[in-house]
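What follows is a short report on a single structure.
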There are 2 protein chains.
Amino acid sequence: MTKTAGRPPRNETDILEFRKKVSQHAMALYRDKGFEAVSMRRLSKAVGCAPTTLYAHFQGKTEILMLLWADVLDEMTQHVQESLKRKTEPTERLKAAALAFVGYWIDHPDHFRLVFMSNDVGRSDVDSFIETGDVQGSFQMFADLVRNLNPKRSDVKVRTDAVVAGMIGVALCSITICNYPWPTVSKMTGQLIAGITATPQ
Amino acid sequence: MTKTAGRPPRNETDILEFRKKVSQHAMALYRDKGFEAVSMRRLSKAVGCAPTTLYAHFQGKTEILMLLWADVLDEMTQHVQESLKRKTEPTERLKAAALAFVGYWIDHPDHFRLVFMSNDVGRSDVDSFIETGDVQGSFQMFADLVRNLNPKRSDVKVRTDAVVAGMIGVALCSITICNYPWPTVSKMTGQLIAGITATPQ
DNA sequence: TAGTTTTATGGAACGCGTATCAATTAATCA
DNA sequence: TGATTAATTGATACGCGTTCCATAAAACTA
């Protein structure tokens, strides 16, 4: 921890400031021009730095795209919350939330790709530091809904995560394998929820 | 149906022959060098034509990648069948198959990306003619397993497709959101199957 | 055979993500 | 001030998917 000569490393706040700046420009690009507009070259031009500089602050495009997760997940969460209005019965609430969840992704396939298909599959051993706080927060909502089904049960997390992953799968399949005659989203999510409400044998 | 002047369209068999040739070279590239080796430039070099020529025969890379689906799905199916040996009880069989299914994708994330993440999400209005025969065949196996749980029930397709989509979601989440503390694959698939075996309320 | 019409091809180009590397700028210490 | 060290930059390069366009090739009609 001794001071050395020469230019000191980046200031902590400067780092955050730069990351925030990049995040804002990336967000603006994504919202205004869509997924494909968020390129390293265009983004660096918007930020006002060289494309190479971005690689000094982020380990790659994937890490930058993750900055956009929070926005999308917030919007999705709000959409789900909206669907819960005037619903009181726990099962009905979960069902409505699930439908809204899957529906959101199907209505916004670009957002789905952003969150769930941006990672470099196959190179996952490399990308080490991923913030999952956003994801965790968005899934909390479902944990509450599941808990309210039967507050006495202790396996809330397993059932929640299973149904969330299941819903994501339903969205993925409906979006990408669009020529296979999938049942309606409503039917499939209903089936997933049947597993949640069932009593363990 | 009158004959017109000028060079006639490609011969039907020639078309199939060329597609087969491309398919074989793509397969060899994928098996030998991996996903990233299957590029339009390398593939065209292997085939012996210009990169542009490929676009005269396929509408894009996605359509070429789909030629590889059958191989992967066959291997996956075989792996699942393997897991069924010496399993007789219907629920146990379904559970074993589900575990093998998800496990296969997690063990081969490149294959997962190939089949489930190759489509151009967002441009799905364009890519019209996708062969889903491969997929359909691979899912048939699960339809049988689900039917055997309770041959009297008529909602086999809904329950099968829901659990298949759910398993794909489990695989997707485990692969791409690898820093979120998902429950074990075994627990999540078990949860999905609970919905299959449950009796409708 | 000459001309016409349609298909098939390949070269060039665009923008992309990413890596390398030398040169420059900035901030600190001696 | 000068030396030292880190951050930033620009140029260059590779391979990628894809599109455009001019040209070659093939099969017909006259």
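So that the names make sense, note that chain A is the first sequence line, chain B the second, and so on, each numbered from 1.
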A/Phe142 meets the ring-ring contact (aromatic ring centres under 6.0 Å, His included) criterion, sequence neighbours left out, with A/Phe101
note: B/Gln59, atom CD; D/dT19, atom C1'; distance rounded to Å ~ 15 Å
Here the pair of heavy atoms bringing A/Arg159 nearest to A/Asn150 is NH2-O, 4.5 Å
Here the distance between atom P of D/dC14 and atom CD of B/Glu36, to the nearest Å, is 19 Å
Donor-acceptor contact present, side-chain B/Trp69 to main-chain B/Leu114, <3.5 Å = yes
Atom CD of A/Glu63 and atom P of C/dG17 are separated, to the nearest Å, by 15 Å
Applied to residues 11-44 of chain B, the ring-ring contact (aromatic ring centres under 6.0 Å, His included) test, sequence neighbours excluded, yields B/Phe18-B/His57, B/Tyr30-B/His111
Exactly one of A/Gln78, A/His79, A/Glu75 clears side chain to side chain donor-acceptor pair (under 3.5 Å) with A/Tyr104, and that residue is A/Glu75
query = Looking at A/Thr52, does any N or O in its side chain come under 4.0 Å of the phosphate oxygens OP1/OP2 on D/dT9?
reply = no
Separation of C/dG10 atom P from B/Leu54 atom CG, nearest Å, is 10 Å
Original post:
Do A/Phe112 and A/His108 make the cut of ring centroids closer than 6.0 angstrom?
Top reply: no
Rounded to whole Å, CZ of B/Phe35 lies from P of D/dC16 at a distance of 13 Å
note: B/Lys33, atom NZ; D/dC16, atom P; distance rounded to Å ~ 12 Å
From the candidates D/dC16, D/dT19, C/dG10, the one with an atom nearest any side-chain atom of B/Tyr55 is D/dT19
Exercise. So, is B/His57 close to the C/dT9 phosphate, meaning a side-chain N or O under 4.0 Å from OP1 or OP2?
Worked result: yes
The correct set of residues in residues 38-49 of chain B placing a heavy atom under 4.0 Å from DNA chain C is B/Arg41, B/Cys49
